[in-house]
K.L.:
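Take a look at this one; I'll ask things after.
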Amino acid sequence: NCPEGTWCPSGSGPDDGNHNYDGQIPNGFYVEAAATGFTACPEGTFGKYDSNLKCLECPAGYFCPQATPLAGGPNNTPLPPSEFLCLVGFYCPAGTGKMSDSAIKCGVNTYNPLRGGDDVSSCKTCPDGYYNEFEGQQYCLRCKYSHYCTGGIANACPNGKYTDQLGVTSVNDCIDCPSGYKCDGASQPTSCPAGQFLTGGATGTCQNCTAGQICSRPGLFDEPDLPC
């Protein structure tokens, strides 16, 4: 029988004393005793057989699809190659296999700009003035108009108010809607089109021109501007 750690294809010759039976075991594979071939390290593990190890559990911060090889790290620590570092926007606990199957996305309101995230602490909350509505993101978005952003959440300004700047961080930065316009708290000020006029002030609605009156231009408020 072939000793453990060697493989014996059909037609192999006798042991030369160094267990050299034919070829090397590919990196990312292992063999059992009396094997006639070699087996890929399964997902979630990595390595190459030597006298001390077969396939090791994939370390936190890495992902290991089938047949992930051994590269080595500082102080001869066994690690996968750097191309298997967990991708940005995710974190990879120990034993992670394919990125698409077992890596964990950073949640909404958070982001991770660096590879090699190993636990949920790798996902950072968006700074004030920025937000994120999706999972698995590398960066956050600047707070949009008529919103203020804290804790990674975009909050609409109160009705009747708006912001004319990006990256706002407080509701106190929301300002009153200008006269003749309406503000629903989630968009820029808007005026009524020709044929309508605004009633109810900044939180009001556009209504059709009064019978017998003319609303000749956009932006009218409180009343039509001309008799019919």
Side-chain angles (χ1 to χ4, degrees), residues 4-7 23-33 35 37-145 147-156 166-170:
E4 188 174 15
T6 65
W7 66 289
Q24 287 191 330
I25 301 166
N27 207 345
F29 292 75
Y30 71 97
V31 297
E32 301 288 357
F38 39 81
T39 303
C41 288
E43 289 183 18
T45 69
F46 75 106
K48 179 179 178 181
Y49 184 93
D50 64 20
S51 60
N52 297 312
L53 60 89
K54 290 183 183 176
C55 300
L56 297 177
E57 182 182 45
C58 194
Y62 289 80
F63 65 99
C64 298
Q66 188 181 55
T68 298
L70 167 69
N75 300 318
N76 295 318
T77 303
L79 291 174
S82 59
E83 59 261 37
F84 294 96
L85 280 167
C86 198
L87 300 183
V88 296
F90 292 76
Y91 65 93
C92 297
T96 297
K98 292 180 181 177
M99 280 293 304
S100 58
D101 293 342
S102 49
I104 301 174
K105 294 179 180 180
C106 290
V108 296
N109 314 327
T110 70
Y111 71 110
N112 178 16
L114 302 175
R115 295 193 64 171
D118 55 8
D119 62 27
V120 69
S121 67
S122 302
C123 304
K124 309 300 182 185
T125 301
C126 295
D128 286 350
Y130 291 81
Y131 73 102
N132 194 349
E133 296 175 328
F134 303 101
E135 297 179 332
Q137 299 303 300
Q138 178 180 359
Y139 51 82
C140 299
L141 302 175
R142 197 173 184 192
C143 201
K144 49 194 174 182
Y145 290 116
H147 289 73
Y148 61 97
C149 295
T150 58
I153 301 172
N155 306 280
L166 297 172
V168 165
T169 61
S170 169

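We're numbering straight along the sequence, starting at 1. Basis for what follows: all heavy atoms, side chains included, without hydrogens, waters or symmetry-related copies.
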K.L.:
Are side-chain heavy atoms of Asn112 and Cys106 found at a separation under 4.5 Å?
P.N.:
yes
K.L.:
How close do Lys98 and Pro65 get, heavy atom to heavy atom, and via which atoms?
P.N.:
CG-CB, 4.2 Å
K.L.:
Would you give the length of the straight line joining atom CD of Gln137 to atom OH of Tyr131, rounded to the nearest 0.5 angstrom?
P.N.:
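Separation between the atoms: 11.0 Å.
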K.L.:
Can you give each donor-acceptor pair under 3.5 Å made by side-chain atoms of residues 114-129, sequence neighbours left out, with the distance rounded to 0.1 Å?
P.N.:
from, atom 1, to, atom 2, distance (Å)
Arg115, NE, Leu85, O, 3.4
Arg115, NH2, Glu83, O, 3.1
Arg115, NH2, Leu85, O, 2.7
Asp119, OD1, Ser121, N, 2.9
Asp119, OD1, Ser121, OG, 2.3
Ser122, OG, Asp118, N, 3.2
Ser122, OG, Asp119, O, 3.1
Lys124, NZ, Ser121, O, 2.9

K.L.:
Can you find a pair of side-chain heavy atoms, one from Cys64 and one from Cys41, that are under 4.5 Å apart?
P.N.:
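Side-chain contact under 4.5 Å: no.
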K.L.:
The criterion is salt bridge (charged side-chain N to carboxylate O under 4.0 Å, His left out); which residues satisfy it with Glu133, sequence neighbours excluded?
P.N.:
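Partners of Glu133 under the salt bridge (charged side-chain N to carboxylate O under 4.0 Å, His left out) test: Lys144.
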K.L.:
If I compare all heavy atoms of His147 with all of Val168, which pair ends up nearest, and what's the gap?
P.N.:
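What the structure gives for the nearest pair is O-CB, 3.6 Å.
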K.L.:
Can we say the SG-SG distance for Cys92 and Cys86 is below 2.5 Å?
P.N.:
yes
K.L.:
Rounded to the nearest 0.5 Å, what's the gap from CD1 on Ile153 to CG on Asn109? Could you check?
P.N.:
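If we round to the nearest 0.5 Å, Ile153:CD1 and Asn109:CG are 4.5 Å apart.
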K.L.:
Under 3.5 Å, side chain of Asn132 to main-chain N/O of Thr110, donor-acceptor pair present?
P.N.:
yes
K.L.:
So which heavy atom on Tyr62 is nearest to which on Leu79, and how close?
P.N.:
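Residues Tyr62 and Leu79, closest heavy atoms: OH-CD1, 3.7 Å.
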K.L.:
Applying ring-ring contact (aromatic ring centres under 6.0 Å, His included) as the test, list every pair that has at least one member in residues 70-112; sequence neighbours left out.
P.N.:
Phe63-Phe84
K.L.:
Which heavy-atom pair separates Pro81 from Pro69 by the least distance, and what is that distance?
P.N.:
CD-O, 3.3 Å
K.L.:
Within this structure, what is the OG1-CG distance for the pair Thr68 and Leu56, rounded to the nearest 0.5 Å?
P.N.:
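Rounded to the nearest 0.5 Å, the OG1-CG separation comes to 12.0 Å.
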K.L.:
Which heavy-atom pair separates Gly47 from Leu70 by the least distance, and what is that distance?
P.N.:
CA-CB, 3.7 Å
K.L.:
Which atoms form the tightest heavy-atom contact between Ala40 and Ala67, and what is the distance?
P.N.:
CB-CB, 4.0 Å
K.L.:
To the nearest 0.5 Å, how far apart are CD in Glu57 and OG1 in Thr45?
P.N.:
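It is 9.0 Å, given to the nearest 0.5 Å.
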K.L.:
Nearest 0.5 Å, what's the SG-CG distance between Cys149 and Asn155?
P.N.:
7.0 Å
K.L.:
Going from OG1 on Thr169 to OH on Tyr130, what distance comes out if it is rounded to the nearest 0.5 angstrom?
P.N.:
11.5 Å
K.L.:
Does any part of the side chain of Ser170, heavy atoms only, come nearer than 4.5 Å to the side chain of Tyr148, both counted from C-beta?
P.N.:
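Tyr148 vs Ser170: side chains apart.
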